[in-house]
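Report on the structure given below.
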4 protein chains.
Amino acid sequence: MANSKYQYVRNFELPDSLLPGTFMVFRLDGHSFHRFSERHNFSKPNDVRALQLMDRAAQDLMEEYGDIVLGFGESDEFSFLLRKSTTLYNRRNVKIVSTLTSLFTASYVFHWPTYFPDTSLQYPPSFDGRIVLYPGDKFIRDYFAWRQADTHINNLYNTVFWALVQQGGQTTTEAHATLRGTFSKQKHEILFSQFGINYNQLDERYRKGSVLVREEVRTKRRAKGKAKVKTRIELLHCDIISDDFWKDRSGLLQD
Amino acid sequence: MANSKYQYVRNFELPDSLLPGTFMVFRLDGHSFHRFSERHNFSKPNDVRALQLMDRAAQDLMEEYGDIVLGFGESDEFSFLLRKSTTLYNRRNVKIVSTLTSLFTASYVFHWPTYFPDTSLQYPPSFDGRIVLYPGDKFIRDYFAWRQADTHINNLYNTVFWALVQQGGQTTTEAHATLRGTFSKQKHEILFSQFGINYNQLDERYRKGSVLVREEVRTKRRAKGKAKVKTRIELLHCDIISDDFWKDRSGLLQD
Amino acid sequence: MANSKYQYVRNFELPDSLLPGTFMVFRLDGHSFHRFSERHNFSKPNDVRALQLMDRAAQDLMEEYGDIVLGFGESDEFSFLLRKSTTLYNRRNVKIVSTLTSLFTASYVFHWPTYFPDTSLQYPPSFDGRIVLYPGDKFIRDYFAWRQADTHINNLYNTVFWALVQQGGQTTTEAHATLRGTFSKQKHEILFSQFGINYNQLDERYRKGSVLVREEVRTKRRAKGKAKVKTRIELLHCDIISDDFWKDRSGLLQD
Amino acid sequence: MANSKYQYVRNFELPDSLLPGTFMVFRLDGHSFHRFSERHNFSKPNDVRALQLMDRAAQDLMEEYGDIVLGFGESDEFSFLLRKSTTLYNRRNVKIVSTLTSLFTASYVFHWPTYFPDTSLQYPPSFDGRIVLYPGDKFIRDYFAWRQADTHINNLYNTVFWALVQQGGQTTTEAHATLRGTFSKQKHEILFSQFGINYNQLDERYRKGSVLVREEVRTKRRAKGKAKVKTRIELLHCDIISDDFWKDRSGLLQD
């Protein structure tokens, strides 16, 4: 066949399988979302439509890929935990990352009109993805704690910052200057004393981020004596740093 | 900071930079596009709307990423050549693949209504991506020759196959049986004698695939004596196996 | 400096650090040791001098590299367990493998005259090395069980095989034919009934391989209230498949 | 078989083949050779016995591995060029590096008594190895130029330094201070005016390093009409930065 003399070029493609028996965390980040959020007039400090759209794309991904057991999102990023025993695409790194990033992106654009019915998409947004391997439960707990602590830190800062700007009349430069060097406690005080905002009463979505967990659904009907386990993706805005979340869901860290 | 005790998890992210001074070929393939094309009633053997949409997404990608100097597409796949000197994202493999796959996908979904005004998108499509490195000009020429030869082989087969089915009244099973073991010449003859089709007069788009080249545009206006080189992406459906294409565009294989 | 214009070639060296928090198993295998053993008239089925020399080189390696906590050797191979927390050479794969393989090899050649006082080394022997990562205790236990089970299987086979040849007068071809398809039990029987050998009474070195463990040595003298932990490498020929070995040495699998 | 339930641990071994069609440079460096040279009383600035021993080990390596076409050594390091078409060990990175480092090391220890008849080896020396890939001729020329320029720079410095210490009576600290900030020309002058040494008349071995090239040997006898090409390793101390060396040996950079 005419093609056969060129096929040797396939030999330059090298394998990139990821270590077996190891947790994969797949993380997506919005590419140039600062500009994207400005062009589409996202509300500050949080735009609930944008966050819900991220959740929706994440949910689509988890519906499609059963080996993703947990998702955590904040702002323009989302992290997903894949079972350590997953053999998705033979654990080929680039294949998994590119396919999952692609589906998330497609879903984001596809569902845009549902969440932004009055704002047409100006240009195609994009995300980058990566997989990081973790060889133990503790690292997974700490990874997700890292992201949720980051959510808290960013959201507290942004909440005070935009209160100073939007309600306090400061310029953005002034607001940054006001906050420079302040501790968490002081930020709470500024919010409460100057703007009457009790930070701890704000929507948990903003303070905790979005947690997507695959929960088993018990089905009564048994086919040939073997109950088929169905799962459903649940959206929560809860604490995932403390033990309780993980104790109640010990399956997350099993094979 | 509360977050700092978790930040060590970042150390598990390992570098994956690609060898410098080496050509990168970035290739995208549609994920489950057999099903996707059926669900959206793509014409057989070729759906010009679907091909034009692929070209459009590829063009968007090349507009955004100046280090892509050549693209070649057929069916639901597209290959792109990045300069060997590119330092895009510090040549980080997964970063490049995921970001480019994401933008292509977003563009595909974004422009869908333009190319399929009467067919609404049923669900988000996805693509997988990969980068293969090639350490020399010859390999690049052979890579693109491989893809274009593949285009030819597939298109000839598909053209006869669908003629047998659509005009000849064969079932798909019968059509495959008719073609089993036939050579190129016999396929041409079936097309001509039974269906009056001269294969070589079919649209070059189908026979040659889509070639996107970045061409320099000479601009008359000089700013401070230094002409700024502008480039424009041109869509061609030409032979890229023979020498002529490459001789006329020696810049493609330079640094 | 004249050299600076060439220094860019260093940029082609890419990082290859191994995943943190993961056990490393470093394994060495003799290169063409079939030929090497023939040229140096190794006794069959086991040459105690050759095995002791392997142990000695392994011990040298463990004396030099404190992060190796366990070694297991049989025939012309040796496996070593490095702590999962080791930061030896920043966990650079090729650096670790090449340096450790080099030192083992040097030690093997260096100590040759001690173990083979009457046989001069005919040519320089070589070994290949590799590191395999394991993300959990169970895998480490199973890795070493795999090697010790292999030792048992090979040694039983070789013991019967060479008895048939050396004492039974069979050719090597005949001996292989005799053993084809036999189970463990049958091999024991041949040994006992034909040659009066009770396999289970053979030297444990041959049946179990060599186990090198780093044991803590309690030192009485305390410097400034803080006892310095000294370690010593112990050579054992014991079972490492069952739980006892690991229960008594829980430190092996800790950080 | 008892062993089969453990064999799954082999699946953790991941492929590491190097990009085809690309030059490999394999480099060895002595591990802690500062200490090693002191313990064995190497002459300063150069010990001809130690250099000859390095050359000998390098030659052994090239005799054994026919795909190494060029070697370059200085001090306690040696670099080797492997053909870009080599398929040695299926281009497995760690396999190649470890085996070659091992053989070089073994040869170094094996031949020690020949080059140091009056100095017994105190302990086993070791080397680390690595492979760097280069995707073009120019990079290979520049790599070897880099090493030879380094040889020149180091040797000039060391020659003056040890003249100041050994003949000039300076301490090592003083000698370093004397040389701080001096240019090449000034170092030449110190050598000539203070010690009567014309640097350019020193042994080329020290100024140029050791070049090992595989040269074809024409053999008259033809077996069955097909001349078998024999090769011989030649030791040179010549310039490898300028064009001449490469023009005369165009085969070095071919497939």
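- At a 4.5 Å heavy-atom cutoff, the contact between Asp60(D) and chain C is made by side-chain atoms alone.
- At a 4.5 Å heavy-atom cutoff, Phe104(C) makes no contact with chain D through either its backbone or its side chain.
- Proximity to chain D (any heavy atom under 4.5 Å) is restricted, for Asn93(C), to the side chain, taken from C-beta onward.
- Checked options Val97(C), Leu100(C), Thr101(C); the residue passing with Leu28(C) is Thr101(C) (criterion: side chain to side chain contact (heavy atoms under 4.5 Å, CB included)).
- Contacts of Leu133(D) with chain C are made by backbone atoms alone, with heavy-atom separations under 4.5 Å and no side-chain atom involved.
- Using a 4.0 Å cut-off between a side-chain N of Lys or Arg and a carboxylate O of Asp or Glu, Arg130(D) and Asp29(D) qualify as a salt bridge.
- Proximity to chain D is absent for every atom of Phe183(C), based on heavy atoms less than 4.5 angstrom apart.
- Both tests pass for Arg35(C) against the ring of Tyr123(C): distance under 6.0 Å to the centre and angle within 45° of the axis.
- Between the side chains of Asp128(C) and Ser98(D), no donor-acceptor pair of N or O atoms lies under 3.5 Å.
- A salt bridge is absent between Lys208(C) and Glu74(C): the closest approach of a Lys/Arg side-chain nitrogen to an acidic carboxylate oxygen does not fall below 4.0 angstrom.
- In this structure, the portion of Ile241(C) lying under 4.5 Å from any heavy atom of chain D is its side chain and not its backbone.
- In terms of non-hydrogen atom pairs under 4.5 Å with chain C, the most contact-rich of Ala57(D), Pro135(D), Ala145(D) is Ala145(D).
- Using a 4.0 Å cut-off between charged nitrogen and carboxylate oxygen, Asp243(D) and Arg141(D) count as a salt-bridge pair.
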